[in-house]
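Reviewing the structure listed below.
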Amino acid sequence: MPTPEELMRIAIDRAREGLARGQSPFGCAIALGDEIVAACHNRVFLTTDITAHAEVTALREACSHTGEITLEGALVATTCEPCPMCMSALHWARVDRVYYGATIADAQAAGFNELTIPARSVLDLGGSEVTLVPGVLEAECRALFEEWKGSAAARAY
């Protein structure tokens with residue numbers, strides 16, 4: 001099973017791939033046991049689909065890979081604290097644990113139109129059993145926003 005840091009490094013690599021393709025600086029990786037079943041970047045601009053956040057895209061890929069709509073026992077690393085939509089989707093997928101680096105406040109400070117509802121609040125209000133672990137490779141995840149700010153996509157956003 002990958003460590004949280006190993007899984008997060010994959011998510012960071014995917015976020016950088018997305019940046020290179022003109023996407024925003026978010027990445028997500030999902031592991032089931034020793035297998036990485038999904039590793040995606042945000043594809044909102046690429047697909048003109050506002051729901052194509054890295055976590056939702058990775059959930060779609062992981063569920064397609066497994067042939068199931070739930071991912072019980074899955075570990076998820078996402079470069080930024082999940083928004084309410086993504087946190088809800090992770091709950092519905094029944095993942096076990098979600099690690100994140102940067103915070104919603106970091107994304108908002110970088111210019112993203114965030115709902116400032118913490119992922120922890122979404123879980124608490126919904127009575128979810130998903131374990132949420134903040135601060136994994138936080139500085140590296142925050143640095144993605146600095147890379148984003150210098151990109152052509154950021155200037156167009």
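Since we're looking at a predicted model, the values are computed, not measured. FYI, the numbering just counts along the sequence from 1.
Shortest non-hydrogen contact noted between Ala11 and Ala29 is CB-N, 3.9 Å. The minimum heavy-atom distance linking Ile104 with Thr116 is given by the pair CG2-CA, 4.2 Å. Closest non-hydrogen pair, Pro2 versus Ala31, comes out as CG-CB, 3.7 Å. Of all heavy-atom pairs between Cys80 and Phe145, the closest is SG-CZ, 4.1 Å. In plain terms, the two heavy atoms of Val136 and Pro4 that are nearest each other are CG1-O, 3.9 Å. Shown here for Cys141 and Gly101, the closest heavy-atom pair between the two residues is SG-CA, 3.8 Å.
Under a 4.5 Å side-chain heavy-atom criterion applied to ILVMFWY residues, the cluster that includes Ile50 comprises Val44 as well. In the hydrophobic clustering, Val56 connects to Met85, either directly or through intervening members, whenever side-chain heavy atoms lie under 4.5 Å apart. Cluster note: Trp92 groups with no other residue, as no ILVMFWY side-chain heavy atom lies under 4.5 Å from it.
Expressed to the nearest 0.5 Å, how far NE2 of His91 lies from OG of Ser128 amounts to 5.0 Å. In this structure, NE2 on His41 lies 9.5 Å from OG on Ser24, to the nearest 0.5 angstrom. Distance check, rounded to the nearest 0.5 Å: CD1 of Ile30 to CD of Glu35 gives 12.0 Å. Here the CZ atom belonging to Arg16 is positioned 6.5 Å from the CD1 atom belonging to Ile12, to the nearest 0.5 angstrom.
Under the 4.5 Å side-chain criterion, counting only non-hydrogen atoms from C-beta, Leu123 is in contact with Met87. Side-chain contact between Leu75 and Val95 is absent, with no heavy atoms from C-beta onward closer than 4.5 Å.
With sequence neighbours excluded, the residues satisfying side chain to side chain contact (heavy atoms under 4.5 Å, CB included) with Thr57 are Cys40, Arg43, Ala52. Take Glu72 and apply the side chain to side chain contact (heavy atoms under 4.5 Å, CB included) test, not counting sequence neighbours, and it matches Thr70, Arg94. Taking the side-chain hydrogen bond (donor to acceptor under 3.5 Å, both in side chains) definition, one finds that Glu68 meets it with nothing, sequence neighbours left out. Evaluation of the side chain to side chain contact (heavy atoms under 4.5 Å, CB included) rule for Pro84 yields Leu115, Ile117, Val122 as partners, not counting sequence neighbours. Not counting sequence neighbours, the partners of Glu138 by the side chain to side chain contact (heavy atoms under 4.5 Å, CB included) test are Arg142.
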Under the side-chain contact (heavy atoms from CB on, under 4.5 Å) rule, what do Leu132 and Tyr100 come out as? Steps first, then yes or no, please. CA-CA 8 Å; Leu132 191 62; Tyr100 70 88; 3.8 Å; yes

Evaluate side-chain contact (heavy atoms from CB on, under 4.5 Å) for Leu71 paired with Cys63, printing each intermediate quantity in order. CA-CA 7 Å; Leu71 299 168; Cys63 289; 4.1 Å; yes

How far apart are the C-alpha atoms of Val76 and Leu90, what are their side-chain angles, what is the distance that settles it, and do they pass the side-chain contact (heavy atoms from CB on, under 4.5 Å) test? CA-CA 9 Å; Val76 177; Leu90 290 161; 4.0 Å; yes

Begin with the C-alpha distance, continue with both residues' side-chain angles, and end with the deciding distance and a verdict on side-chain contact (heavy atoms from CB on, under 4.5 Å) for His65 and Leu32. CA-CA 11 Å; His65 177 82; Leu32 275 170; over 6 Å; no

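Among residue pairs with one or both ends in residues 113-132, those qualifying as salt bridge (Lys or Arg N to Asp or Glu O under 4.0 Å) are Arg120-Asp124; sequence neighbours excluded. For residues 74-90, every residue pair satisfying the side chain to side chain donor-acceptor pair (under 3.5 Å) rule, not counting sequence neighbours, is listed here: Glu55-Thr78. Within the structure, salt bridge (Lys or Arg N to Asp or Glu O under 4.0 Å) contacts touching residues 45-54 (residues at least two apart or in different chains) are Asp49-Arg60. Sequence neighbours left out, the pairs with a member in residues 1-12 that pass salt bridge (Lys or Arg N to Asp or Glu O under 4.0 Å) are Arg9-Glu140.
Aromatic rings from Phe26 and Trp148 are positioned such that their centres are separated by 6.0 Å or more.
For the pair Asp13 (side chain) and Ile10 (backbone), a donor-acceptor distance under 3.5 Å is absent. Checking side-chain atoms of Gln23 against main-chain N and O of Phe45 turns up a donor-acceptor pair under 3.5 Å.
Criterion: ILVMFWY side-chain heavy atoms under 4.5 Å apart, direct or through other members. Under it, Leu137 and Val133 are part of a common hydrophobic cluster.
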